[in-house]
Every structure is written in C-alpha cells, then in structure tokens.
There are 2 protein chains.
Amino acid sequence: MAGRSAHAPAAEACLDSRQRLLAAAWELLWLNSYATVSVDDLCRRADVNKGSFYHHFDSKAALAQAAFAQQWECLRPALDAIFSAQVPPLERIDRYAALGLEIQTAKAQEFGRVLGCPWTSLGCEAGCKDGDLRSIAAQKGERVSRYLAAAIRDAIALGQIPAGDPDELAAMCQALITGSAAQARITDSLQPFARLAGALRRLLGAPAT
Amino acid sequence: MAGRSAHAPAAEACLDSRQRLLAAAWELLWLNSYATVSVDDLCRRADVNKGSFYHHFDSKAALAQAAFAQQWECLRPALDAIFSAQVPPLERIDRYAALGLEIQTAKAQEFGRVLGCPWTSLGCEAGCKDGDLRSIAAQKGERVSRYLAAAIRDAIALGQIPAGDPDELAAMCQALITGSAAQARITDSLQPFARLAGALRRLLGAPAT
DNA sequence: ATGCTCCTTGACTATTCAGTCAAGTCAAGT
DNA sequence: ACTTGACTTGACTGAATAGTCAAGGAGCAT
C-alpha cells in the first residue's frame with residue numbers, strides 16, 4: 001500500500017521535468033497497467049516533451065523503476081514509525097492496515113474508484129518475466145514481510161499470539177494483504193481494506209480488538 | 001486456480017482454428033499480461049491467419065473472454081466435486097488448496113517457472129477499467145467465494161470452526177488465495193500454494209490437520 | 001454444374017509505439 | 001565574449017498494433 005506522494009500533483013507546476021515525469025508515472029501506473037501506459041501518455045501527463053523524457057530516463061522501464069523507488073523512499077519513514085519497536089506488536093499490524101485503508105479511501109475519493117496497490121498490480125503484470133519490473137514488486141513484498149516478521153516475533157515473545165514460524169506467518173500475512181489489495185481493485189470496493197486488520201488478527205490467532 | 005485444459009495443446013493439430021485460438025489465448029494470457037499479448041502472437045501460437053482470427057472472434061478481448069469462459073466451464077465440475085456437500089466442510093477447503101498446488105506444480109514443470117492464477121493477473125491488469133476483462137476476474141472471485149461461504153457455513157453449523165459471518169470469512173479466504181497466487185507468480189515459488197491450506201485453516205480458526 | 005456457406009488467405013490500413021537525433025535555449029563559469 | 005553543460009524542442013524512424021477486406025477454397029445441397 002502506497003505512499004501519500006500522489007498529493008504532489010497539485011504543486012507540480014513548480015517542479016522540474018524529471019520530477020513531473022516521476023509523478024506522472026506514479027499516477028498512471030497506479031491507474032493503469034504498465035504495458036498500456038505509453039511514453040506519450042507519460043509525457044502528456046507531465047507536460048514534458050518526449051526528447052526531454054529520454055534525456056532524463058533511458059527508457060520507460062527506467063522511469064517506472066525510479067518512480068517506484070522514489071515512492072518507497074517516501075513510504076519507508078511512515079512504515080519505520082508504524083513498525084517501530086516502541087509500538088506494541090499487534091498495534092503495528094493494526095496501524096499498517098489502517099494506513100492502507102486511509103490511503104485507499106483518499107485515492108478512491110480522488111479518482112472515483114478504488115485503485116488497490118500499484119506494487120501488486122505491477123508485480124502480477126510483470127510476474128513471469130525476469131526483469132527489473134517484477135523485482136520491484138518482489139522487493140517490496142520482502143521488505144514488508146520483514147516488518148511483519150519482526151512484529152510477529154515480538155508478539156509471540158510477549159505471549160500475545162500462539163507460537164509459530166514468524167517468517168512463514170509473515171508470508172501468509174503478506175499474501176492476505178496482497179490479495180486484499182487485488183480484490184479491492186478488481187471489485188472497486190474498500191471492504192477488503194476495511195476488513196484487513198480483523199483478517200490479519202485472525203490469521204495470527206490474535207484476539208479481536 | 002485454473003483448469004487442466006492447458007494439457008490440450010499436445011493434441012492441437014487435430015483441433016479447428018477456433019479451438020486452437022482459444023488454447024493459444026489461454027496459454028499466452030497465463031504466461032503474459034493481456035496488453036503484451038498481441039493478436040499476431042495469438043495467431044502465431046495457434047497457427048491461424050489473422051483474417052481467420054477475426055472471422056471467429058470480433059476482437060482480441062472477445063477471444064480472451066471466450067477463453068476464460070471456456071476454462072471456467074472446464075474447471076467447474078472439479079470445483080463442484082470438491083465443494084460437494086458430501087465432502088466434509090474443512091476437507092473441501094483443504095482439497096481446493098491441494099488442487100491449486102497440483103495445478104501450479106504441473107504448470108511450473110511445463111513452463112519452468114510458477115505461473116500463478118490467470119484470473120488474478122488479468123483482474124489486476126484490467127482492474128481500474130470498467131470492462132469485460134475486469135468482470136471476468138470479479139465473477140470468478142464471486143463464484144469461488146460462494147463455494148467457500150457454503151463450506152464455512154457448514155463448518156460453523158457442525159461446530160468445526162468458531163462462529164463468524166460466512167460471507168465475510170469467505171471473502172477473507174478469497175483474498176488470501178488471490179494474494180498467495182500473486183505472491184507465487186511474483187516470487188516464482190510454489191511455497192505460497194504449499195502453505196495455503198494451513199493459512200486458510202488459521203484464518204478460519206480451524207484446527208491444523 | 002451451380003450456388004451457398006463457412007472458413008482461409010494475404011495484403012492492406014491508419015495509428016501507435018519506444019526510441020533517436022540534430023538543433024536550439026539558457027544559465028553559470030571563465 | 002565565449003564556452004560548457006544541462007535541458008528542451010520537434011521532427012523523425014522502423015516496427016508493431018488491432019483491425020479490414022476482397023478474393024479464393026472446400027464441402028455440401030440442389
């Protein structure tokens with residue numbers, strides 16, 4: 001579930017071409033599949049000429065990578081805070097689910113439909129190709145699983161959930177999060193996000209809040 | 001998780017053009033994203049001339065729809081059997097997970113990598129477009145959720161799992177299944193399928209087997 | 001033999017695609 | 001004033017795209 005930087009377009013008149021392209025890529029790749037977003041689409045959205053596009057980025061894929069990398073850098077501090085060891089373990093997971101719901105709600109209001117998670121969509125699309133795009137999604141999955149595993153490890157140590165393999169449980173949670181995002185996008189419903197915290201707690205054998 | 005009809009290509013020399021196109025679509029759309037599979041690709045794979053393609057199908061999208069519809073018709077009897085009321089509720093869910101693992105394992109051997117679920121991939125790709133393609137995935141999700149909800153309702157009635165809203169629990173299970181398929185495709189690993197039965201039982205509060 | 005239907009062929013269409021490139025502009029440094 | 005580097009422009013390239021269409025072939029019925 002993504003960062004808040006899609007609020008940036010409002011100030012985009014003040015940004016340079018490169019940043020405008022990054023923002024355009026982020027938005028268009030969230031709404032549409034990678035293969036259907038053309039370089040012309042990106043340039044139009046960013047109000048940048050195609051020659052400038054290729055000055056800043058070697059290729060469409062390079063722009064996509066840079067955009068996703070930038071969004072991760074944006075998102076990471078929020079995740080570090082949510083998953084901080086200063087936050088009780090189960091609350092970390094609740095907050096992560098709440099962050100997702102908050103972002104998706106804002107996006108749905110902005111675009112008139114539920115968008116789901118751009119990492120998931122990109123990953124599924126590029127899924128069978130060994131390439132840079134697929135590894136963007138794979139890497140994000142690993143990073144989130146790392147946060148989740150640490151929280152689960154702590155929750156087990158504190159006796160808040162039944163014992164189990166933290167890495168395996170984290171992978172299950174990640175699958176549930178990924179699937180909820182896909183479901184939300186496909187069905188244009190916020191329900192999967194609204195129910196995610198409860199579902200994660202069930203999966204972990206944690207008491208409902 | 002899909003049908004077994006992708007074993008059909010071996011006999012494809014005996015099939016008519018239309019069927020060959022349906023089989024080609026199924027295979028190519030499983031391996032690749034819809035937008036990257038061109039009509040030329042489909043015709044080449046099916047050894048059918050483009051003019052013949054358009055004789056049989058109005059458009060690329062029409063072929064995709066027909067291919068997915070055919071696969072559903074193929075898969076449904078197996079699902080009816082697995083989710084039959086004659087099968088104990090939790091065993092239905094275990095068997096569904098086992099079917100998924102079986103199909104994915106066979107596919108991985110055939111293609112040298114894990115393919116995940118074509119419905120999920122198509123759905124994510126077409127996610128934000130209101131069109132026929134997105135509803136293919138949405139419809140499949142609803143159908144599977146219906147099976148799951150019935151099994152869950154029965155399991156609750158038999159006291160095998162704690163009480164809860166069957167439709168909501170079914171949706172959670174469906175999210176987990178969808179996410180596991182996406183995860184498997186992105187990471188090229190059968191692990192998500194291998195752990196799915198256990199994860200579903202956890203989600204439902206069912207005892208491990 | 002003729003007509004009809006279904007299917008196939010192969011060339012075609014206009015548009016789009018990712019990417020190229022020479023020339024131009026601008027600001028900063030010398 | 002001149003140079004340089006960063007950036008922009010706008011036209012271009014060859015290939016690919018979904019879809020079109022006239023003509024032909026084959027099988028069947030009359």
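Reminder, nothing fancy here: chain letters follow the sequence lines and each chain counts from 1. Keep in mind that the numbers below use all heavy atoms, side chains included, and drop hydrogens, waters and symmetry copies.
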- prompt: Is Asp80(B) paired with Arg76(B) through a side-chain N to carboxylate O contact shorter than 4.0 Å?
  reply: yes

message: Which helical stems does DNA chain C take part in, if a stem means at least 3 consecutive Watson-Crick or G-U pairs with both distances below 3.5 Å?
response: C:1-30 with D:1-30

message: Please enumerate all residues that pass ring pair (Phe, Tyr, Trp, His ring centres under 6.0 Å) together with Tyr147(A), with sequence neighbours excluded.
response: Phe83(A)

- prompt: Considering residues at least two apart in sequence or located in another chain, which fulfil the side-chain contact (heavy atoms from CB on, under 4.5 Å) criterion with Ile82(A)?
  reply: Arg95(A), Tyr96(A), Leu99(A)

query: Which nucleotide of DNA chain C is the first, and which the last, in the 5' to 3' direction, to come under 4.0 Å of a heavy atom belonging to chain A?
result: dC17(C) to dC21(C)

- request: Round to a whole Å and report the spacing from CZ of Phe53(A) to P of dT9(D).
  value: 15 Å

task: I would like to know whether Leu75(B) and Gln70(B) meet side-chain contact (heavy atoms from CB on, under 4.5 Å); could you show each step before the answer?
output: CA-CA 9 Å; Leu75(B) 178 64; Gln70(B) 186 184 67; over 6 Å; no

message: Among residues 32-41 of chain B, which ones have heavy-atom contacts with DNA chain D below 4.0 Å?
response: Val37(B), Ser38(B), Val39(B)

- request: Check each residue of residues 56-67 of chain A for a non-hydrogen atom within less than 4.0 Å of any atom in DNA chain C, then write out the ones that pass by number, or none.
  value: Ser59(A), Lys60(A)

side-chain contact (heavy atoms from CB on, under 4.5 Å) partners for Ala98(A), two or more places apart: none

- request: Report the C-alpha distance between Arg202(A) and Leu169(B) in whole Å, list the side-chain angles of each, state the deciding distance to 0.1 Å, and finish with yes or no for side-chain contact (heavy atoms from CB on, under 4.5 Å).
  value: CA-CA 10 Å; Arg202(A) 276 185 160 269; Leu169(B) 288 171; 3.3 Å; yes

Counterpart residues, side chain to side chain donor-acceptor pair (under 3.5 Å), relative to Asp167(A) (two or more places apart): Arg153(A)

query: Once you round it to whole Å, what is the distance between P of dA6(D) and CG of Leu21(A)?
result: 18 Å

field: side-chain contact (heavy atoms from CB on, under 4.5 Å) against Ala25(B), all qualifying residues, sequence neighbours excluded
entry: Leu29(B), Leu42(B), Leu63(B), Ala67(B)

Would you tabulate the side-chain donor-acceptor contacts of residues 173-186 of chain B under 3.5 Å, counting partners in other chains and residues two or more places apart, or write 'none'?
unit_1	atom_1	unit_2	atom_2	d
Thr178(B)	OG1	Gln174(B)	O	2.9
Ser180(B)	OG	Leu176(B)	O	2.8
Gln183(B)	NE2	Ala171(A)	O	3.2
Arg185(B)	NE	Cys124(A)	O	2.9
Arg185(B)	NE	Ser121(B)	OG	3.3
Arg185(B)	NH1	Trp30(B)	O	2.7
Arg185(B)	NH1	Leu115(B)	O	3.0
Arg185(B)	NH2	Cys124(A)	O	3.4

message: Please compare Asn49(B) and Lys50(A) by the position of their nearest nucleotide in DNA chain C and report the one closer to 5'.
response: Asn49(B)

Atom pair distance, as rounded to whole Å: OH in Tyr54(B) and C1' in dA22(D): 18 Å

message: Thr105(A): which residues meet the side chain to side chain donor-acceptor pair (under 3.5 Å) condition with it, sequence neighbours left out?
response: none

message: Please report the distance, rounded to the nearest Å, between CG in Asp47(A) and C1' in dT8(D).
response: 12 Å

query: For the ring pair Trp72(B) and Trp26(B), is the centre-to-centre distance below 6.0 Å?
result: no

task: Quick one: which residue pairs count as a salt bridge (charged side-chain N to carboxylate O under 4.0 Å, His left out) with a foot in residues 48-58 of chain A, not counting sequence neighbours?
output: Asp40(A)-Lys50(A)

field: Electrostatic pair Asp154(A)-Arg92(A), nearest N-O below 4.0 angstrom
entry: yes

- prompt: So, is His55(A) near the phosphate of dC7(D), with a side-chain N or O under 4.0 Å from OP1 or OP2?
  reply: yes

